[in-house]
Amino acid sequence: MNIAVILAAGKGERMLEHNIPKGFINVLGKPLLYYALKTFQECEEVDRIILVIPEDFFAVAACYQKEFGFSKFKQIVVGGKTRQESVLLALQNSNASEEDIVLIHDAARPLVSQRIIKENISTALKVGGAATMIPTSDTIIISKDGKSIDFIPDRNEYYLEQTPASFCFAQIYQAHLLALKKGINDVSDDLKLYRDYGGKIGIVKGEKDNFKVTSEEDLAYLLMIIDK
Ligand code: CTP
Ligand code: MG
């Protein structure tokens with residue numbers, strides 16, 4: 001079974017002027033989280049969807065279940081203080097079997113494509129883990145203090161991570177438990193935990209449109225794309 005975990009339990013502290021967590025911001029009459037949910041719903045290979053939300057939004061999310069009518073969206077889980085905690089809570093409540101594939105996706109990336117989802121599933125099945133990433137078109141500059149330049153690495157070796165990141169359930173669950181045991185609870189990236197645990201990861205080509213809505217500028221750009 002292929003299970004999508006859509007993370008929307010963050011506060012959206014970089015977009016506070018909306019007075020609502022980022023996933024719930026109104027985008028052309030729908031909450032931001034609707035767009036990723038819809039794409040996962042429409043992907044034949046996805047069997048079920050778990051939406052992770054802040055505690056106070058349980059009733060709102062339950063209304064969405066009725067309103068959207070997405071047959072695979074059967075479960076809502078209350079997330080934690082950090083993204084890592086939210087993912088672990090979703091895994092713990094997922095009722096997944098060891099061999100299931102879990103796709104972990106940020107609700108804040110509304111324009112994920114069917115191709116990215118499908119290739120995540122096939123890569124995770126083959127390799128155990130799948131990373132969605134794009135090459136950087138800009139050169140990365142390393143500056144520890146933000147004032148002077150320490151290092152300019154070769155651009156060709158640098159990529160940007162997107163989501164979903166996808167894994168065999170048993171392994172990503174063990175990776176999260178191991179991180180907790182080591183006292184790590186605020187890693188924003190599942191791939192890092194999975195690698196530290198020793199998991200193998202295959203690469204899926206990301207897309208520029210699969211950007212993360214982080215600031216007002218991103219939201220304005222999203223509106224421009226989907227309003228076309
Ligand atoms: N997320 C989550 N639980 C948390 C923190 C983040 O489920 N405790 C989710 C967010 O809802 C988002 C994704 O992880 O879909 C990526 O995080 P980010 O873009 O940082 O979103 P926020 O944490 O909501 O935003 P900010 O960092 O500006 O507060
Ligand atoms: Mg955050």
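Counting starts at 1 for both ligands and their atoms, following the listed order.
- Heavy atoms of Thr82 found under 4.0 angstrom from ligand 1 belong exclusively to the backbone.
- Regarding atom 20 (O) of ligand 1, its nearest protein heavy-atom neighbour is Arg14 NH2, 3.0 Å.
- Considering Val52, Leu88, Asp106 as possible partners of Arg83, the one that fulfils the side-chain contact (heavy atoms from CB on, under 4.5 Å) test is Asp106.
- Atom 13 (C) of ligand 1 has its closest protein heavy atom at Asp106 OD1, 3.3 Å.
- Considering backbone and side-chain N/O of Gly80, one or more are found under 3.5 Å from N/O of ligand 1.
- At the shortest separation from atom 2 (C) of ligand 1 among protein heavy atoms lies Gly10 N, 3.3 Å.
- Protein heavy atom at the shortest distance from atom 21 (O) of ligand 1 is Lys22 NZ, 3.2 Å.
- We find that Arg115 and Glu207 are joined by a salt bridge, their nearest charged nitrogen and carboxylate oxygen being less than 4.0 Å apart.
- Contact annotation for Ala9 and ligand 1: heavy atoms of both the backbone and the side chain come within less than 4.0 Å of the ligand.
- Considering backbone and side-chain atoms together, Gly12 places an N or O closer than 3.5 Å to an N or O of ligand 1.
- Protein heavy atom at the shortest distance from atom 29 (O) of ligand 1 is Glu13 N, 2.6 Å.
- Residue, atom and distance of the protein heavy atom nearest to atom 12 (C) of ligand 1 are Leu7 O, 3.8 Å.
- Nearest non-hydrogen protein atom to atom 17 (O) of ligand 1 is Lys212 NZ, 4.4 Å.
- Centroid-to-centroid, the aromatic rings of Tyr34 and Phe70 come within less than 6.0 Å.
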